[in-house]
Number of protein chains: 2
Amino acid sequence: MTVRRLSVYFRCLAQLEEDGVRTISSQELAARFHLNSAQVRKDLAYFGEFGIRGIGYDTANLRAEIQRILGLDREWRVVLVGFGNLGSALFHYRGFARQGFRIAAIVDDDPAKVGRAVNGLAILALAELPRVVKSQAIQIGVVAVPAEAAQAVADRLVAAGVRAILNFAPSRVKVPKDVRLQNVDLSIELENLSFHLGQAPR
Amino acid sequence: MTVRRLSVYFRCLAQLEEDGVRTISSQELAARFHLNSAQVRKDLAYFGEFGIRGIGYDTANLRAEIQRILGLDREWRVVLVGFGNLGSALFHYRGFARQGFRIAAIVDDDPAKVGRAVNGLAILALAELPRVVKSQAIQIGVVAVPAEAAQAVADRLVAAGVRAILNFAPSRVKVPKDVRLQNVDLSIELENLSFHLGQAPR
DNA sequence: TAGATTGTTAATCGATTAACAATC
DNA sequence: TAGATTGTTAATCGATTAACAATC
């Protein structure tokens, strides 16, 4: 939950920095998100003393600190598994690169796709996974395959040695607990929307 | 938060029903998600008395009740705005239909795309939005355009009369508070992953 | 009736907020 | 020094969990 808020602060600070705002108080920062200023201070103080009493926070400095805390100051090397509609959309999604996620390899089990190149990056066979994870020093596997194939792909990614999996398939997968798993489950978002629409009057 | 858990119960119950399990206790249900049985009972009791003391919950009945609560027993009519990589991926994503989200129209501002048909559904010009929302009785707008265009698209959707917006663009948009907004922000998921990887030892 | 399990009340825990001494 | 704002401790609030009477 704190990380979620740090993400929000980060983007806000980046914007403020662009706008030429040099310092900002917890009060002002909180007001932008309907949050409490004590919460902002507590979130930040947890990671260190970044503020100056009587003044507030140096915008650029705080932005840099949060960037470092979130690990956004470094590059994460990613293998994209599955180059269907979703995989292709993710590959072209600029937000990935913006956050330091570098797609260093693509694999797919469809022989018709293997060998093709997108933006100069060749699509490799699934069997190449262990070799490419090692040679490309890949840390993260992105699963963009159909639900029924997700677990098998996750298993192969873990065996190949990735440290984290970002799962876009609409199914839960299980991984050893030393591997970080992040599910991006669209179903839950849809159900949330559906529920709240159902509650509304009309 | 409760809705999130209801979603999880729902999928679990659907699975149990398929497996032929007739009744399940809060204890058993909780065990599957490392939750507390009191929490399961409380979540469910909030919406009504669905259980039978001494027995547990009827799997099929509870599944149906949650389905109704989540609004998954009805169809939601959707307009997809933007048919780039992301829009195309969402259009072909089977989870949408599975949850009752029926894409009834597609609009895009690229003249090269307007007029094309996908699976028999024509891509319309952005200017058609007010007309199509009305004629197709559309309740939900899905925003799948670049970040810089998201706010303008959201405004047009609201003006056209949708009741909810599902925003996939990597930017926050503002809508009147009688319109339900759900952001699917991949950036936050990436930052979460990045943060936790950064904390891990190696 | 005895055993099991619900729905709900009371106790606990953690997260949010208020208040304030420290200090720029 | 006076005013402002931090970092942090204490108070509050809400959500989770334990306990149990109701009841199948």
Side-chain angles (χ1 to χ4, degrees), chain A residues 1-10 12-13 16-17 21-70 188 191-192 195-196 199, chain B residues 1-10 12-13 16-17 21-70 188 191-192 195-196 199:
Chain A
M1 211 67 242
T2 306
V3 176
R4 270 193 123 69
R5 285 198 301 266
L6 283 186
S7 295
V8 172
Y9 302 156
F10 171 65
C12 181
L13 287 162
L16 287 167
E17 197 180 354
V21 178
R22 304 298 281 276
T23 64
I24 188 158
S25 69
S26 58
Q27 191 71 237
E28 293 170 284
L29 208 45
R32 297 179 178 245
F33 314 106
H34 313 283
L35 288 176
N36 185 288
S37 68
Q39 181 155 77
V40 172
R41 291 200 297 281
K42 203 158 215 185
D43 284 343
L44 298 174
Y46 178 79
F47 296 99
E49 297 204 3
F50 304 135
I52 305 165
R53 286 157 202 247
I55 306 288
Y57 300 88
D58 181 279
T59 311
N61 175 250
L62 185 57
R63 196 263 309 135
E65 289 285 2
I66 297 181
Q67 192 160 28
R68 184 184 53 75
I69 292 163
L70 290 177
I188 291 183
E191 277 152 8
N192 230 313
F195 171 77
H196 287 283
Q199 301 307 300
Chain B
M1 211 64 244
T2 306
V3 177
R4 273 193 121 68
R5 285 198 300 265
L6 283 185
S7 296
V8 172
Y9 303 156
F10 171 64
C12 182
L13 287 162
L16 287 167
E17 197 179 355
V21 179
R22 305 297 281 274
T23 64
I24 188 158
S25 69
S26 58
Q27 190 71 237
E28 292 169 285
L29 208 45
R32 297 182 178 242
F33 313 107
H34 314 283
L35 289 176
N36 184 289
S37 68
Q39 181 155 75
V40 172
R41 291 198 300 280
K42 203 160 216 183
D43 284 344
L44 298 174
Y46 178 80
F47 295 99
E49 295 205 4
F50 304 135
I52 304 165
R53 286 158 202 245
I55 307 288
Y57 300 87
D58 181 280
T59 310
N61 176 251
L62 185 58
R63 196 261 311 133
E65 288 285 2
I66 297 181
Q67 191 160 29
R68 184 185 54 74
I69 293 164
L70 290 177
I188 290 183
E191 277 153 8
N192 229 312
F195 170 76
H196 287 282
Q199 302 307 299

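Naming convention: chains lettered A, B, ... in sequence-line order (proteins, then strands); numbering from 1 in each chain. Side chains included, hydrogens not; waters and symmetry mates left out as well; all remaining heavy atoms used. Since we're looking at a predicted model, the values are computed, not measured.
- Looking at heavy atoms from C-beta onward, A/L35 lies in side-chain contact with A/Y9 at the 4.5 angstrom threshold.
- Annotation: side chain of A/Y57 is not in contact with side chain of A/L29 (no heavy-atom distance under 4.5 Å).
- Distances shown here put a side-chain N or O of B/R5 below 4.0 Å from the OP1 or OP2 atom of D/dT16.
- A distance of 8.0 Å separates CZ of A/F50 from CD1 of A/I66, quoted to the nearest 0.5 Å.
- In terms of position along DNA chain C, the nucleotide closest to A/T2 lies nearer the 5' end than the nucleotide closest to the other residue of the pair A/G54 and A/T2.
- Rounded to whole Å, atom P of D/dG7 lies 14 Å from atom CZ of A/F47.
- Atoms CZ (A/R41) and P (C/dC20) sit 13 Å apart, rounded to a whole Å.
- Each of D/dG7, D/dT6, C/dG7 was ranked by its minimum atom distance to the side chain of A/S25; first place goes to D/dT6.
- Atom pair B/E28:CD and C/dT6:C1' shows a separation of 14 Å (rounding to whole Å applied).
- The aromatic rings of B/F47 and A/F195 lie perpendicular to each other, with more than 60° between the two planes, well past the 30° mark.
- In this structure a side-chain-to-backbone donor-acceptor pair under 3.5 Å is present from B/E28 to B/S25.
- You'll find that the side chain of B/Y57 is closest to C/dG7, out of D/dG7, D/dA18, C/dG7.
- One interatomic measurement links the two molecules: CG of B/N36 to P of D/dA19, which rounds to 11 Å at whole-angstrom precision.
- Counting all heavy atoms, side chain and backbone alike, B/E191 lies closest to A/V3 at O-CG1, 4.3 Å.
- Distance CD (B/Q39) to P (C/dT12): 18 Å, rounded to an integer number of Å.
- As rounded to whole Å, 15 Å separates atom C1' of D/dA22 from atom CD1 of B/I55.
- Of the possible donor and acceptor atoms, one in the side chain of A/T59 sits under 3.5 Å from a partner among the backbone N and O of A/V21.
- Of the side-chain N and O atoms in A/Y46, none sit less than 4.0 angstrom from OP1 or OP2 of C/dT16.
- Between the CZ atom of A/F50 and the P atom of C/dC24 there is a distance of 17 Å, given to the nearest Å.
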- prompt: Which string of ( ) [ ] | and . matches DNA chain C, if you list each base 5' to 3' and count Watson-Crick or G-U pairs only when both distances are under 3.5 Å?
  reply: ..||||||||||||||||||||||

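- Rounding to the nearest 0.5 Å places SG of A/C12 at 5.5 Å from CD1 of A/I24.
- A/Q27 comes within 4.0 angstrom of nothing in the nucleic acid, heavy atoms only.
- Backbone-only contact: A/S26 has heavy atoms under 4.0 Å from sugar-phosphate atoms and none from a base.
- When rounded to the nearest whole Å, the span between CG of A/L62 and P of D/dT6 equals 11 Å.
- Of all nucleotides listed (C/dT17, D/dG7, D/dT17), D/dT17 comes nearest to the side chain of B/K42.
- Judged by distance alone with a 3.5 Å cut-off, a donor-acceptor contact links the side chain of B/R53 to the base of C/dT6.
- Both A/L35 and A/I52 sit near DNA chain C, but only A/L35 has its closest nucleotide nearer the 5' end.
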